[in-house]
Amino acid sequence: MLATTKPTNFIRQIIDQDLSAGKHDVIVTRFPPEPNGYLHIGHAKSIWLNFGIADDYNGKCTLRFDDTNPVKEQAEFVTAIEQDVRWLGYQWERTAHASDYFDQLHGFAVELIEKGLAYVDSLTAEKIREYRGTLTEPGKDSPYRSRSSDENREMFAKMRAGEFADGEHVLRAKIDMASPNINLRDPVIYRIRHHHHQRTDNAWCIYPMYDFTHGLSDAIEGVTHSLCTLEFEDHRALYDWLLDNTSAPCHPQQIEFSRLNLNYTVMSKRMLTQLVENGNVQGWDDPRMPTICGLRRRGFTPASVRNFIATVGITKRDNVIEMGVLENSIREDLELIAPRVMAVLRPLKVVIENYPEGEYEQIEAPNYPRDASMGTRTITLGREIYIEQDDFMEHPPDKFFRLGPGREVRLRYGFVIRCTEVIKNQSGEVMELRCQYDPDTRRGRPPEGRKVKGIIHWVSANHCVEAEVRLYDRLFSEANPQADKGRDFKQALNPGSLNILSHSKLEASLASPEPDARYQFERLGYFYADKNSGAGNLIYNRIVTLRDTWARIAG
RNA sequence: UGGGGUGUAGCCAAGCGGCCUAAGGCACCAGAUUUUGAUUCUGGCAUUUCGGAGGUUCGAAUCCUCCCACCCCAGCCA
C-alpha cells in the first residue's frame with residue numbers, strides 16, 4: 001500500500017502542540033547540507049522530513065548550504081545537491097548559504113566579545129585540546145581567557161584583517177571550562193583560514209564554526225523547528241546559549257531524530273568516498289551506491305524513495321532498516337506503472353521444428369495485462385526464438401514446471417511447445433533446443449487433455465535487439481560491514497555486486513525506450529536504461545528483481 | 001568512572017494510566033486466484049507480553065525507584 005495518509009511522528013506532534021498553543025503562525029524548517037559531497041538516502045530522510053512538514057503545514061522550508069569550511073567545500077556539490085532535492089520532488093523559494101550571513105555572524109561575534117562572552121585564545125590547537133579536559137575530568141581556563149573586551153575586539157579585528165596566520169588565534173565563547181557537557185567548555189567559534197571560499201571568494205580569512213553558524217543562521221531565517229540528527233543532542237545546550245546571549249531575532253527549537261541506516265551498505269560520507277576513490281565502485285552515481293544519484297541512475301523513482309522514508313518513520317531510536325523494505329517500496333511503485341516487456345538475459349536458442357521456416361506471426365501483447373488502457377504492442381513469433389537458460393533443465397527436480405526433455409511449456413502470449421531434442425557441444429553444455437509446437441494452443445487456448453503449468457518468456461531470434469544488461473546485487477555481503485572494527489570495511493564488499501551480461505536479447509520495442517521509463521522484464525525484474533545507453537549500445541540496469549518464490553525453493 | 005540519549009516481535013513502528021486479552025508495514029509460514037513460480041486475495045505470526053526488578057494505583061507498555069544493555073560526545077569538521 002502506498003502511504004497516502006499523512007505521516008505522524010513525535011516531531012509533528014510537537015509542531016501540532018506549538019501551533020495550538022499559538023507559539024507560531026507559520027512553520028519554517030530548513031535542510032542544511034554541507035556542500036562537500038553527494039547526498040545519500042540518509043539525507044533523503046531529512047529532506048522528506050523538513051520539506052514534507054513545510055508542505056503539509058503550509059509552511060516554508062529553505063535549502064541552506066552550511067558552507068562554513070572553505071577547505072572542504074566546492075560549488076559543484078551545490079549544484080548536485082540542488083538537483084537531488086529537486087529530483088526527490090521538492091521545491092524551495094531560494095537557495096540560501098550560511099555564507100550569505102557572514103557579515104551578520106561576524107556582528108554576533110563582536111556582540112559576544114563586547115558582552116565579555118567571547119575571547120581570542122592564542123593557545124595552539126594541541127594546547128586547547130589539553131586544556132579541554134576529558135570526559136570525566138573538567139577542563140581548565142586558558143591563560144588568555146581573561147583578556148579585556150577591548151583587547152579581544154582589537155585582536156579579533158586583526159584576525160579578520162588577515163594579520164595572523166592560520167591557527168595562530170581563535171575566537172572562543174566564554175562559557176564554562178568545567179561543564180560536564182564538553183561542547184560548553186569554551187567552544188571555538190571562529191578560526192583563521194586563509195583559503196578561497198567557493199562563494200565569498202577571498203573576502204574573509206576567518207570562518208565561523210558549525211555550532212556558531214548553525215543556530216544563528218536558523219534564527220536569521222526565522223526557522224521555527226531546527227531538525228537534526230541525534231549526534232547533535234549535546235550541541236543543543238550551545239545552540240540555545242548562543243541564541244540566548246546574542247540579539248538573535250528569534251529562538252528556533254532544535255529537535256533531534258535518529259539517522260537512517262540500511263543493512264548491506266554503508267552510509268558514511270567518509271566510507272562512500274573511499275569506495276569511489278578506491279575504485280570499488282564506478283563513481284558517486286554507481287547504481288550500487290546508496291547515494292541519491294546512484295538510486296536515480298539505478299532506476300528508483302522519487303516516489304519510491306519518499307514512500308520508503310515514510311514507511312520507516314521518524315523516531316529517536318537507533319535503527320538499521322532491512323534492504324527488503326527499500327526493495328519493497330520500489331516494487332510497489334513499479335508494479336503499478338511499469339509496462340511489461342519480454343527480454344532474455346541469458347539466451348538459449350530454440351528451434352521449433354514444425355514451424356515453417358520464414359513464417360512469422362504477429363501477437364498483440366498487452367503492455368500491462370491488468371490495465372488495458374496502457375495499450376499493447378506487437379511482438380513477433382517464429383521458428384527460432386531465444387528462451388532463458390534458467391528455464392530449461394536437463395534433469396529437472398520435482399516442482400520444476402519449466403522446460404525439460406520431453407516436457408511442455410507455454411510461450412507467454414504464444415503457443416505450447418514440447419522439447420524433443422537437446423543439442424550439446426563437446427563439453428556437454430546445452431547449446432540449443434529442438435521443439436515441436438502445438439498449433440491448437442494459440443491465442444491462449446489450453447491444450448487438449450493435459451495441463452501446462454509452466455509459462456516462460458522468449459524473444460524472436462530474428463526480431464530481437466541485443467543489449468548489455470547490468471545486474472546489481474547488494475554492495476556488501478555482510479549485513480553490517482562495519483561490525484568488525486579491527487578490519488577494513490571494504491573486506492565485506494560483495495564481489496558479485498555487479499554482473500554484466502553483454503549479449504542479452506530484448507524484444508524490439510526496447511531498442512528505443514521511452515525517456516525515463518522503467519520496464520518490467522516479465523518474470524525477471526524491473527529495468528531502466530542506463531544514462532550511457534543509446535541506439536546501437538543499449539544498456540539496461542536492473543533496478544530490482546521480482547519476488548522469486550522458485551529461487552527460494554530451488555535454493 | 002562525567003554528560004546526553006534510546007530500549008515494544010527477525011527488521012521498522014503505533015501506543016501518551018482503563019476501549020491493549022499491544023495498531024500497521026517489511027520479512028516469514030500456510031492456502032486461493034493467476035498465460036509473469038509476479039501481482040492480488042485470505043489466514044497465521046508478542047494470549048499474565050512491552051530491557052529487568054521492585055513500587056504507586058481498583059487498573060501500567062504508559063507514573064515512581066533502582067538496575068541492566070546499547071548509542072553519541074574530549075575537530076581550529078559538519
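Fair warning: this is a prediction, and the values are worked out from it, not measured in the lab. Excluded from the calculations below are hydrogen atoms, water molecules and symmetry mates; all remaining heavy atoms, backbone and side chain alike, are included. A, B, ... follow the sequence lines: proteins, then strands. Residue 1 opens every chain.
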Just to be sure I understand the rule, does [X] reach a base, reach only the sugar-phosphate, or reach nothing, if contact means heavy atoms closer than 4.0 Å?
X	answer
Thr68(A)	sugar-phosphate
Thr315(A)	sugar-phosphate
Val320(A)	sugar-phosphate
Arg410(A)	base
Phe401(A)	base
Phe232(A)	base
Arg443(A)	base
Gln13(A)	base
Arg340(A)	base
Lys269(A)	nothing
His457(A)	nothing
Tyr368(A)	nothing
Ile192(A)	nothing
Met342(A)	nothing

Under 4.0 Å between a side-chain N/O of [X] and OP1 or OP2 of [N], yes or no?
X	N	value
Thr213(A)	rA78(B)	no
Arg370(A)	rU40(B)	no
Arg259(A)	rC72(B)	no

For Phe102(A) and Tyr207(A), take the angle between the two ring planes, folded into 0 to 90°, and tell me which bin it lands in: parallel under 30, tilted 30 to 60, perpendicular over 60.
perpendicular
Considering heavy-atom distances to RNA chain B, does Leu411(A) or Glu231(A) have its closest nucleotide positioned more toward the 5' end?
Leu411(A)
For Val170(A) and Ile321(A), take the nucleotide of RNA chain B holding the closest heavy atom to each; which residue's nucleotide lies nearer the 5' end?
Ile321(A)
Look at the side chain of Ser46(A) and the backbone N and O of His43(A), then say whether any donor-acceptor pair between them is shorter than 3.5 Å.
no
Any donor-acceptor pair under 3.5 Å from Glu388(A) side chain to Arg346(A) backbone:
yes
Quick one: which of rG15(B), rC26(B), rC76(B) gets closest to the side chain of Arg191(A)?
rC76(B)
Complementary nucleotide for rC66(B) - Watson-Crick or wobble, under 3.5 Å:
rG52(B)
Pairing partner of rG75(B), by Watson-Crick or G-U wobble and under 3.5 Å for both distances, is none
Is the number of heavy atoms from other residues, nucleotides or ligands under 6.0 Å of Arg160(A) CZ greater than 12?
yes
Does Phe257(A) have any ring pair (Phe, Tyr, Trp, His ring centres under 6.0 Å) partners at least two apart in sequence or in another chain, and if so, which?
none
Its contact letters, B for base, S for sugar-phosphate only and - for none at protein heavy atoms under 4.0 Å, make nucleotides 1-6 of chain B read -BBSSS
For Trp550(A) and rG37(B), do the ring centres fall under 5.5 Å apart while the planes stay under 30° apart?
yes
